[in-house]
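Count residues from 1 along the sequence. The shown structure was predicted, so the numbers you read here are calculated from the model rather than taken from an experiment.
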Amino acid sequence: MSIVQFAKESYAELKKVIWPGRDDVISSVKVVIVSTIIVAAILGLLDVLLLFGIRTLF
C-alpha cells in the first residue's frame with residue numbers, strides 16, 4: 001500500500017465520522033470536571049483519614 005493510497009483512504013474514512021456537536025462536547029466536559037472533583041475529594045478524604053490513623057498509631 002502506498003502512502004498516497006493510505007492518505008486517500010484515511011481521508012475517505014474521516015468523511016464518514018460523525019463529529020460531536022457543541023452541546024455534546026460541553027456535556028462531556030462537564031461530566032469529566034465533576035468526576036474529577038469527586039475523585040479528588042474522595043482521595044483527599046482517604047489521605048486525611050490514613051494520615052490521622054498513622055499519626056494515632058505512632
Side-chain angles (χ1 to χ4, degrees):
M1 178 188 295
S2 71
I3 294 176
V4 174
Q5 183 183 359
F6 176 77
K8 286 180 181 179
E9 290 177 6
S10 297
Y11 183 72
E13 287 298 318
L14 282 174
K15 287 174 131 181
K16 297 178 187 177
V17 173
I18 299 173
W19 297 100
R22 181 180 177 92
D23 293 336
D24 294 332
V25 172
I26 290 173
S27 176
S28 296
V29 168
K30 288 178 184 178
V31 169
V32 169
I33 290 173
V34 170
S35 300
T36 303
I37 291 171
I38 290 171
V39 169
I42 291 170
L43 290 176
L45 181 63
L46 184 62
D47 184 43
V48 169
L49 292 174
L50 288 173
L51 184 63
F52 177 74
I54 289 172
R55 285 189 178 170
T56 302
L57 289 174
F58 299 106

Are the side chains of L14 and W19 in contact, using a 4.5 Å heavy-atom criterion?
yes
Please say whether more than 12 non-hydrogen atoms of neighbouring residues, nucleotides or ligands are located less than 6.0 Å from CD1 in I18.
no
Rounded distance (nearest 0.5 Å) linking atom CD of Q5 with atom OG of S10
10.0 Å
Heavy-atom donor-acceptor pair, T36 side chain to V32 backbone, under 3.5 Å
yes
Could you work out the complete set of other residues in the hydrophobic cluster of L51, with links drawn between I, L, V, M, F, W and Y side chains under 4.5 Å apart?
none
To the nearest 0.5 Å, what is the distance between CG on D47 and CD1 on I42?
13.5 Å
Is V25 reachable from I33 through a run of I, L, V, M, F, W or Y residues, each pair having side-chain heavy atoms under 4.5 Å apart?
yes
For the atom pair NZ (K8) and OG (S2), what is the distance rounded to the nearest 0.5 Å?
8.0 Å
K30: partners by side chain to side chain donor-acceptor pair (under 3.5 Å), with sequence neighbours left out:
none
